[in-house]
Each structure stands twice: as C-alpha cells, then as structure tokens.
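Here the structure comes first, spelled out in structure tokens, and everything after it is commentary.
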There are 2 protein chains.
Amino acid sequence: MKSTNTRSQILDTAQELIQRRGANAMSYADISEKVGIRKASIHYYFPSKEDLIINLLDRYNEQFCQLVDQIMASSESSATKLNRYSSLFVATLSSGDQDKACLCGILSAELKTLNPTVVDRITQFYRDNENYIEEILNSGIKSGEFSFAGTPRTMAKLIFSLLEGDLLVARAEGGVSRIQATIEQMMALIKS
Amino acid sequence: MKSTNTRSQILDTAQELIQRRGANAMSYADISEKVGIRKASIHYYFPSKEDLIINLLDRYNEQFCQLVDQIMASSESSATKLNRYSSLFVATLSSGDQDKACLCGILSAELKTLNPTVVDRITQFYRDNENYIEEILNSGIKSGEFSFAGTPRTMAKLIFSLLEGDLLVARAEGGVSRIQATIEQMMALIKS
DNA sequence: GTCTATATAGAGATAGAC
DNA sequence: GTCTATCTCTATATAGAC
C-alpha cells in the first residue's frame with residue numbers, strides 16, 4: 001500500500017498528519033522528516049500548502065468514491081450496503097494508532113481558516129456521500145428492508161453527520177467500539 | 001452579555017476565536033487586537049496558552065451544564081426537554097456570523113495536539129452531556145413519549161455525536177436550517 | 001496591571017547550486 | 001529532482017520599566 005514515488009509519499013504523509021492533528025498543526029517540516037527529503041523539495045511538488053491540500057482532497061474524494069462505488073455496484077442487500085459503507089468510517093479509526101478521523105471531518109473544524117477553493121472540495125465530499133446514503137436508503141425502502149419517519153434525504157444527512165461526528169468524538173471517548181455500537185444503533189432505528 | 005473585566009474579555013474573545021477557527025489558528029495576537037491590550041498583558045492572566053484553554057474549558061463546561069440543568073429542572077415533557085437541549089447547539093451556530101461550532105467539537109478535531117489536562121476536560125464534557133441526554137430519554141420512555149430500539153445509553157451517545165457532527169458539517173453545507181432539520185428528524189425517530 | 005522590548009522557535013516560501 | 005542557505009513573518013513566552 002506504501003507509495004513508491006516521492007509525490008505520492010508526500011501526499012500519503014500529509015494526509016495521515018492532517019487526519020491525526022489537523023491542517024494547521026501539520027507542517028512541511030513534519031512531512032520532510034517522515035518522507036526523508038528536505039522542505040524545499042516538497043515545494044517543488046506543491047508550491048504552496050494550499051496546493052498540497054487541494055491535491056490531497058481531490059485524491060481523497062476520488063479514492064473514497066471508488067470504494068463506495070464498489071459497494072453500490074454489489075448485489076447485496078441495502079442493509080449490508082449501508083453497513084459496509086459505515087465500516088469505511090470504522091476502518092479509518094481502526095487503522096494505525098487508532099487516532100485518525102475522516103480527512104474532511106477534521107477540516108470541517110478548521111473550515112473558517114481555509115480558502116474557498118478548499119472549502120468547495122469539502123462541500124463536494126459531503127454532497128457525494130449524502131447522495132450515496134440516500135440512494136441506499138431509497139433502495140432499502142423499496143425492498144422493504146428499511147422503514148422510518150421523515151424523508152430519505154434528511155435521514156441521509158443525519159447519518160452522514162452522525163458518522164463524521166462519532167468518528168471525532170470516539171477518539172476522545174470510546175474508540176472503535178463506540179463507533180461500532182453507534183452504527184449498530186443507527187441500523188436498528190431504520191430497520192423495518 | 002459583554003464582560004467588563006479584562007480577564008473575562010480575554011476568555012470571551014479566545015472562546016469565540018476557537019469556536020470559529022480552532023485552537024491552533026487562534027493566537028495571543030488575535031486576542032490582543034480584539035480586546036485592545038498588548039500580548040504581554042494576556043500572559044499576566046494566563047501564563048501559557050494551555051492555561052488559557054484549561055480555564056476556558058472549565059468555564060464553558062460550567063456554563064453549559066448550568067443551561068442544561070435549567071432545562072432538566074423544568075416541568076416540561078421529555079420531548080420538549082430534548083428539543084430545548086438540542087436548541088443549545090442550534091443557538092451556537094445561529095449566533096453572530098453563523099460560523100461558530102461547539103467549543104469541544106472543534107477541539108475534538110485538534111485532540112491529538114492537546115495535552116492530557118485539556119483532553120480530560122473535553123472527555124468530561126462528553127460524559128456530562130451523554131448523561132443528560134440519557135436521563136431525558138429514560139424519563140421519556142417512562143412517560144410513554146419515546147420508544148426506540150436499543151438502549152437509552154447507546155441512543156444518548158448517538159444523539160450527542162449527531163449534534164456535534166451536524167454542527168460542524170452545517171457550517172460547510174446547510175447552515176442553521178440543516179441542523180434544525182436534523183434535530184426534527186432525530187426527534188421523529190424516537191417518538192412513540 | 002499594562003506597557004516596551006526582546007528572546008527563541010517555528011512557520012511557509014524562494015533563490016540558486018548541483 | 002534535491003539540496004543548502006536564507007528570507008520574512010508569526011508564534012509563545014519572558015524581563016523589566018512604569
């Protein structure tokens with residue numbers, strides 16, 4: 001899974017650092033140390049920190065959507081799909097030292113320190129994910145698996161906010177088992 | 001509502017800045033400018049940034065618990081209590097330029113850059129709030145207002161994560177009306 | 001209590017050699 | 001492409017005058 005070329009290694013390292021500590025606590029010096037190159041070399045690939053973060057988000061959105069598309073394309077039940085989708089968030093916290101949150105969740109907290117170009121990418125990530133969830137909910141209602149008050153659209157937004165929030169809260173209290181319990185509870189609320 | 005003494009003004013300003021931009025993007029220079037004193041004067045009240053944040057959190061937790069205690073002490077229905085509790089989160093985003101999130105929600109994202117003394121306060125805030133919500137859910141079940149799958153404890157954690165997450169997400173997409181819709185949807189899920 | 005002045009460290013970024 | 005060297009700015013923090 002480790003990248004071989006320098007550019008990808010920089011992105012990998014930056015992403016991990018932001019998911020742990022946030023964009024404002026991540027520096028070129030940190031990346032430099034972990035990748036084993038000098039700060040100036042990073043500027044060769046990404047002239048400004050803004051460039052770096054934009055490229056990071058574009059890659060992240062693409063990778064994430066690819067994973068979700070695989071789930072959507074499967075012939076499993078809607079409940080299984082929603083469970084597998086939610087597991088992507090569990091996987092983020094489970095990996096490494098169990099201290100990473102969603103990249104876009106972290107950046108949400110720092111939103112007002114980011115420029116519009118970056119904010120656009122974050123908003124796009126939200127929209128994409130809410131659309132995916134809504135699609136799963138709709139097919140689950142049609143198949144008779146799901147039943148709940150309100151619209152699938154509002155419920156999709158609720159589920160997305162829940163997963164993002166729980167991932168952040170779980171780092172301070174409860175860890176992986178907390179987010180697993182939260183997902184189980186959420187599934188119970190919408191099942192027929 | 002504006003504080004008169006310097007110490008409180010510093011705390012007010014620091015809190016607002018953190019709720020907007022995060023702790024790592026908040027500086028003594030920012031506070032200095034807004035309060036109208038020199039950076040060195042802030043160090044007189046709070047020798048280190050850590051001191052400042054700890055005092056901030058202690059005050060915040062106390063103020064927040066006081067507001068919730070008022071709600072808990074009222075003779076209203078459980079549904080009304082939960083609605084009023086949730087409205088505290090709406091109020092945060094509604095105030096000022098509609099760009100503030102929960103203090104502890106913001107700090108959750110920066111959690112791994114904070115020292116244990118600060119993390120303790122954040123965890124305490126979570127625990128207190130989850131206990132309050134659980135209490136409301138229990139009384140609502142007893143009165144026949146609420147009915148849902150799973151335990152009140154797990155449901156309380158879900159609701160807390162949801163409110164924290166939605167407050168962060170809403171700043172990028174949906175604003176005040178989003179969080180209002182989310183709360184309405186959440187209430188619909190637990191009503192009998 | 002608040003100020004000026006300063007110390008020290010770190011940030012993002014650029015120039016130019018190799 | 002990667003390096004050394006350096007610039008500029010900002011950060012937290014302290015000393016000491018008033």
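Computed over heavy atoms, backbone and side chain alike; hydrogens, waters and symmetry mates excluded. A, B, ... follow the sequence lines: proteins, then strands. Residue 1 opens every chain.
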What integer distance in Å separates A:Arg38:CZ from D:dT4:P?
5 Å
Rounded to whole Å, how long is the line connecting atom NZ of A:Lys49 with atom P of C:dG10?
15 Å
Any A:Ser41 side-chain N or O less than 4.0 Å from OP1/OP2 of D:dG1:
no
What integer distance in Å separates A:His43:NE2 from D:dT4:P?
15 Å
Step by step, would you call A:Asp12 with A:Arg59 a salt bridge (charged side-chain N to carboxylate O under 4.0 Å, His left out)?
CA-CA 10 Å; A:Asp12 291 348; A:Arg59 194 185 71 151; 2.9 Å; yes
With a 4.0 Å cut-off, would you call B:Asp97 and A:Lys112 a salt bridge?
no
Is B:Glu173 paired with B:Arg178 through a side-chain N to carboxylate O contact shorter than 4.0 Å?
yes
Using whole Å, what does the distance between atom C1' of nucleotide C:dA11 and atom CG of A:Leu52 come to?
14 Å
To the nearest 0.5 Å, what is the distance between OG (A:Ser86) and CE (A:Met187)?
7.0 Å
Nucleotide nearest A:Tyr44 (side chain, heavy atoms from C-beta), chosen from D:dT2, C:dT2, C:dC3:
D:dT2
Counting only side-chain heavy atoms from C-beta out, which of D:dA15, C:dT14, C:dA11 sits nearest to A:Ala29?
C:dA11
Taking only N and O in the side chain of B:Ser27, is any of them less than 4.0 Å away from OP1 or OP2 of D:dA11?
yes
Sidechain N-carboxylate O distance under 4.0 Å for A:Lys34, A:Glu16
no
Under 4.0 Å between a side-chain N or O of B:Ser48 and OP1 or OP2 of D:dT12?
no
Whole-Å distance between C:dG12 C1' and A:Asn24 CG?
13 Å
Given atom CD1 of B:Ile31 and atom C1' of D:dT10, what is their separation to the nearest angstrom?
15 Å
Mind calculating the distance between NZ (B:Lys39) and C1' (D:dT14) to the nearest angstrom?
12 Å
Presence of B:Tyr28 side-chain N/O under 4.0 Å of D:dT12 phosphate oxygens OP1/OP2:
no
In this structure, how many angstroms lie between the C1' atom of C:dA11 and the CD1 atom of A:Ile53, rounded?
13 Å
